[in-house]
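Before any comments, here is the structure.
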Amino acid sequence: MSDETPFRYTAAMAQDIELAWQDVWEDTGAFNAPNPAGPWAQPDEVAALGSKMLVLDMFPYPSGAGLHIGHPLGYIATDVFSRYHRMQGKNVLHALGYDAFGLPAEQYAVQTGQHPRKTTEDNIVIMKRQLRRLGLGFDERRTYATIDEDYYRWTQWIFTQIRESWYDPSVVRADGSLGAARPISELVSALAEGTRSVPEMAGRAWSELSAVEKARVLDAHRLAYTSEAPVNWCPGLGTVLSNEEVTNDGRSERGNYPVFRRNLRQWMMRITAYADRLADDLDRVEWPEKVKIMQRNWIGRSTGASVHFPVVPVTGPRAGEPTTIEVFTTRPDTLFGATFMVLSPEHPLVESLVPEGDWPVGTHDSWKGADSGATGTPREAVTAYRRAASRKSDVERQIEEKDKTGVFTGTWATNPLTGEAIPVFVADYVLMGYGTGAIMAVPAGDERDFEYAVKFGLPIIDVVAPAGPDGQVAEGWEGTVAAGAAFTGDGIAINSANADVSLNGLPMAEAKARITAYLQEQGIGAGTVTYRLRDWLFSRQRYWGEPFPIVFDSDGIAHSLPDSMLPLTLPDVPDYSPKTYDPEDAASEPEPPLSRVPEWVEVELDLEDGRGLQRYRRETNTMPNWAGSCWYYLRYLDPANSDALVDPANERYWVGPQSNPVPDAPAGTRDPGGVDLYIGGVEHAVLHLLYARFWHKVLFDLGYVSSEEPFRTYFSQGMIQAHVFRDDRGQPVPAAEVEEHGEGAEATWTWRGQPVTRELGKIGKSLKNAVSPDEMYEAYGADTLRIYEMSMGPLELSKPWETRAAVGSLRFLQRLWRNVVDESTGSVRVVEEEPDQALTTVLHRTILGVREDYEALRFNTAIAKLIELNNAVTKLAAPPRSVMEQLVLMTAPVAPHIAEELWRRLGHEGGLSRGPFPVGDASLIVEDTVTCIIQIKGKVRDRVEVSPAIGEAELRDLVLAREKVVAATADGIRTVIVRAPRLVNVVPV
RNA sequence: GCCCCCGUAGCCCAAUGGCAGAGGCAGGCGACUUAAAAUCGCUCAAGUGCGAGUUCGAGUCUCGUCGGGGGUACCA
């Protein structure tokens, strides 16, 4: 310990300063944001502030594992941004709550017998303390957790609103487009009055329907409904999962257990009703293009046509009655080339197309199925194939080669344009879950169909040929059979004509338009749009989630609980665990924990619907984790409001549509409103962000919010990665104990004497490379950690963590400190003299640059500019007060504790969370001379000091007179490019 | 396979189409110290993965290619 510098800024001093200022902030409510209305209405305070700004973080799950240094990255970024804007007098709302329902707490409860509420609340306390130590400026009044009864009361209320609504495609919205959620009561009235009918009524009058039938009709339209549908059943977790929670290889995203398709009655959300709006409105928000693409892909809208292929069933009750196989195609222009059809193994029509008895005469052996040889019958072959397909788990389908398999059904359909009989196959490369589960196969125009046709010896007719330079069919094209591959690109239609219609010679777009019109005219088909997006599976067989505010009557009809019965609280249960099974046991049945509390499940209630006291059975599933995180940003706006999820005036103020659309929005776009800045990782790109947008749009349609989108601006942060060291068995070893030898490309690493390899990976306990924020506070302080994380590189990129590099950030703060405080005496050492012109120039250039950087989230370059200015001051004998004050203010967003402390020591009272923030003056950026570079043909050949105010003509003359220029231009000059005062480029002949 | 992002000093990263370096780490030298750590000062270091093209001029724009990362995949 040195006695000579007792006032040096060290980690220990940083700790004292940081803790003290965190107390001050808490005591003064420094980050409280006033509301215009609602229980906390402070309209005068709102009016006294400038414009509003709502900054949002990803909703954290309070894990018991503790934070590592990767977790707070986004929180630091939003805090810097919030502080910067707050210092400029804006009303900044930045708050943090907790997404506290969920599996880990429940699994921990199962292991320890502790109530999940207890462990969850304990974890929240721990996490709050860790985050507070970082100096994050949250409005502490606005924190809550999704497990709070007065929070999930509203989650249940929103669910009820969604369930009591349907999507009316004929409603004209304010912007003139069609379709919106409306109360289901409107549908009931219209059906009762007969002004509307729906196919589910099968032509009967509403009054003729029984209660059960009415409920079934309405369920076909409600935005939240129960359905017996194939779902993702995960025996290992004992619950069902949404499509989004299942990985590509057919396993659970959480736990990596096998997932099976099962028919089970489950709650669904009709998100597909919003598919178009969810896709279209991406144009109106400011999000990374990458994330927009991921959402568009997930929604998977594709436009094409549905086409009916005549076919005559050969068995079953409808045998002999002509019907059609409906297919969806994005290439109706290739319909003349459809030489066979394929149904998915699950397609309902398959059964009726398989003839009894033997194969039709002449059926090729390869069409009769893999193992049947020439002996089996069509029924045996098809049944065997379908059984094999159904037994394949999704995992097996993925692992298998994409080798085409299939079986001929024994029946031919008719190509509606050519009149040709085309064979119908069953093959598992056609999926029941997409389109109609049946395709027309055009081998010449589709790679998969081509492969299948080649394997099964089916005809291939070229219907599109590549276009030559003249826009006609390219000369010398030998066709797809000769090429050995389908032609899937844009081209010119050929071989595509019958007596009524010809596409020949047309490019793809025109061919599509003409044939679609023709199909429509003939009643064979119509233009259609299909989506990859499926309705959202919304129930889980878990304990630790929001109970559904739903009861079933003795007929099994679901009823929403009235508002007065909310919240429906979660009862205690004898056992928190759902019944889990052998992960491979596909035949197991879900059994939710709540079903084991009969006194809670069986109730007698008056639902205030005029039916009086009735016996009911409660829904025993719970909502998925996404429910609470679908609307949490709205509750920050008015967390104490017990009359509404958010007061409409508060909603309008904080997230209402703004007067200007976001940058790059199409001309004429109306602003959708939403959060001003949302920072988070890309892992939520399709799940959380899509679900929340859907709920928000329902709330908008129903008039509860004025904004059409929840997240107006979204920024996707990169990941902090860390080196992973592995021993010769490939096991990670503790990164902190690894020694490095040599440097650069020659570097090697050892752990306890044995050589280890190094790679870059995620941070985590299992990889033994986690560094906790607490270690960093101890060694450097929170401000240094904040500066280091923000200066590592662009926020959107992933960057490797290197603890030893953080010392650079500490040194910066030490130099900043030393420029204000004498390290040996503790006295303030700034002088009252004004800075000279050179420093004034650096100062104002810095202010202008730093402001731009903060606004654009370029914190790494902002910090570099602050360091540069500080280094310039360090070189002086005495730091000018005016410069240091402005530097301290500019540093405050990234390193708020030290900035507060220095600001106080510089003699200012009252803290600086509300500023001021320096304003730069471009006119004070004055330089005596600037260096003009002189290029000959673009290469730098000379330079000259000139006045920054030099005119173009003067500079040109000056440069042309230079010796090197004269020498280089002996043969004359072609052109001279002058960019006064910095550059002249002379191009000789 | 397809789509997106990134390749600049040993490392992390800057650079409105205009002198490749803002900032940091590491390294080297020096100061301070009995010594070390810490701190301070100075310093070394790449022609921008590779190949074409556009341009008076390319790290930056275009095309191709290689490498790394991410997304997605029989989606008709």
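- With hydrogens and angles ignored, the 3.5 Å screen pairs no side-chain donor or acceptor of A:D446 with any backbone N or O of A:A486.
- Here A:Y429 pairs with A:Y452 under the ring pair (Phe, Tyr, Trp, His ring centres under 6.0 Å) rule; sequence neighbours left out.
- Straight-line distance between the C1' atoms of B:A9 and B:C25: roughly 12 Å, to the nearest whole Å.
- Both distances falling under 3.5 Å, in either a Watson-Crick or a G-U wobble arrangement, occur for no nucleotide opposite B:A15.
- Backbone-only contact: A:R818 has heavy atoms under 4.0 Å from sugar-phosphate atoms and none from a base.
- With B:A76, B:C4, B:A73 as the choices, the nucleotide that has an atom nearest any side-chain atom of A:I293 turns out to be B:C4.
- Atom CH2 of A:W817 is separated from atom C1' of B:A38 by 17 Å (rounded to the nearest Å).
- The OG1 atom of A:T846 lies 8.5 Å from the NZ atom of A:K865; values are rounded to the nearest 0.5 Å.
- Rounding to whole angstrom units, CZ of residue A:F859 and P of B:A14 are separated by 14 Å.
- A:Y385 places a side-chain N or O within donor-acceptor distance of the main-chain N or O of A:T405, the cut-off being under 3.5 Å.
- Side-chain proximity of A:K799 to B:C13, B:U39, B:A26: nearest is B:C13.
- Of all nucleotides present, none satisfies the Watson-Crick or G-U wobble test against B:A22 with each distance under 3.5 Å.
- If you check B:C44 for Watson-Crick or wobble pairing at under 3.5 angstrom, you find it has no partner at all.
- Mapped onto RNA chain B by nearest heavy atom, A:G435 and A:L797 fall at different nucleotides, with A:L797 at the one closer to the 5' end.
- Separation of the P atoms belonging to B:C29 and B:A52 is 42 Å when rounded to the nearest angstrom.
- Here B:A73 presents its P atom at 14 Å from CZ of A:R448, a figure rounded to the nearest Å.
- Separating the C1' atom of B:A37 from that of B:A31 is a span of 16 Å, rounded to the nearest Å.
- B:G70 and B:C61 are spaced 24 Å apart, taking the P atom of each and rounding to whole Å.
- Partners of A:R858 under the side-chain contact (heavy atoms from CB on, under 4.5 Å) rule, at least two apart in sequence or in another chain, are A:E852, A:D853, A:A856, A:N860, A:T861.
- Closest to the A:S302 side chain, of the nucleotides B:A76, B:G18, B:C19, is B:A76.
- To the nearest whole angstrom, the two P atoms, one in B:G71 and one in B:A14, are 23 Å apart.
- For the P atom pair drawn from B:U8 and B:A15, the interatomic distance equals 14 Å after rounding to whole Å.
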Check the interface with nucleotides 22-24 of chain B: list each N/O to N/O pair with the protein under 3.5 Å, or write none.
{"from": "B:A22", "atom 1": "O2'", "to": "A:E868", "atom 2": "OE1", "distance (Å)": "2.7"}

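- Residues A:T436 and A:I933 each lie close to RNA chain B; by heavy-atom proximity, the contact nearer the 5' end of the strand is made by A:I933.
- Remark: C1' of B:G70 and CG of A:N297 are 13 Å apart, rounded to the nearest angstrom.
- Residues A:Y9 and A:V821 are not in side-chain contact: their nearest non-hydrogen atoms beyond the backbone lie 4.5 Å or more apart.
- Note on A:R532: a side-chain N or O is less than 4.0 Å away from OP1 or OP2 of B:A73.
- Summarising the base pairing, B:U54 is matched to no nucleotide, lacking a Watson-Crick or G-U wobble pair whose two defining distances lie under 3.5 Å.
- Every ring pair (Phe, Tyr, Trp, His ring centres under 6.0 Å) that A:Y714 has, sequence neighbours left out, goes to A:W287, A:Y678.
- With rounding to whole Å, A:I720 atom CD1 is found 18 Å from B:G70 atom C1'.
- Counting only residues at least two apart or in different chains, salt bridge (charged side-chain N to carboxylate O under 4.0 Å, His left out) contacts with residues 296-308 of chain A comprise A:D276-A:R301, A:D280-A:R301, A:D283-A:R296, A:E289-A:R296.
- Using P as the reference atom, B:U60 and B:G53 are 14 Å apart when rounded to the nearest Å.
- Remark: P of B:C3 and CZ of A:R296 are 17 Å apart, rounded to the nearest angstrom.
- With a 6.0 Å radius and a threshold of 12 heavy atoms from other residues, nucleotides or ligands, A:E447 has its CD atom at or below the threshold.
- Whole-Å rounding puts the A:R845 CZ to B:U16 C1' distance at 14 Å.
- A donor and an acceptor atom sit less than 3.5 Å apart, one in the side chain of A:R943 and one in the base of B:C19.
- With a glycosidic angle no further than 90° from 0, B:G47 counts as syn.
- Taking only side-chain atoms of A:R979, from C-beta outward, the nucleotide of B:C75, B:G18, B:A20 with the closest atom is B:G18.
- Rounding to whole angstrom units, CZ of residue A:R804 and C1' of B:A38 are separated by 17 Å.
- For B:U72, the paired nucleotide is B:G1, the pair qualifying as Watson-Crick or G-U wobble because both relevant distances are below 3.5 Å.
- Set against B:G41, B:G18, B:A76, the side chain of A:T874 has B:G41 as its closest nucleotide.
- Judged as a ring pair (Phe, Tyr, Trp, His ring centres under 6.0 Å), and not counting sequence neighbours, A:H347 has no contacts.
- When both pairing distances are held under 3.5 Å, B:G7 makes a Watson-Crick or G-U pair with B:C66.
- Side-chain proximity of A:L431 to B:A26, B:A76, B:C42: nearest is B:A76.
- Residue A:K290 places no side-chain atom within donor-acceptor reach of the base of B:C3, judged by atom type and a 3.5 Å distance cut-off alone.
- Looking at heavy-atom distances under 4.0 Å, A:T975 makes no contact with the nucleic acid at all.
- Only the P atoms considered, B:U43 is 13 Å distant from B:A22, to the nearest whole Å.
- Contacts of A:E823 with the nucleic acid, taken as non-hydrogen atoms under 4.0 Å apart, are absent.
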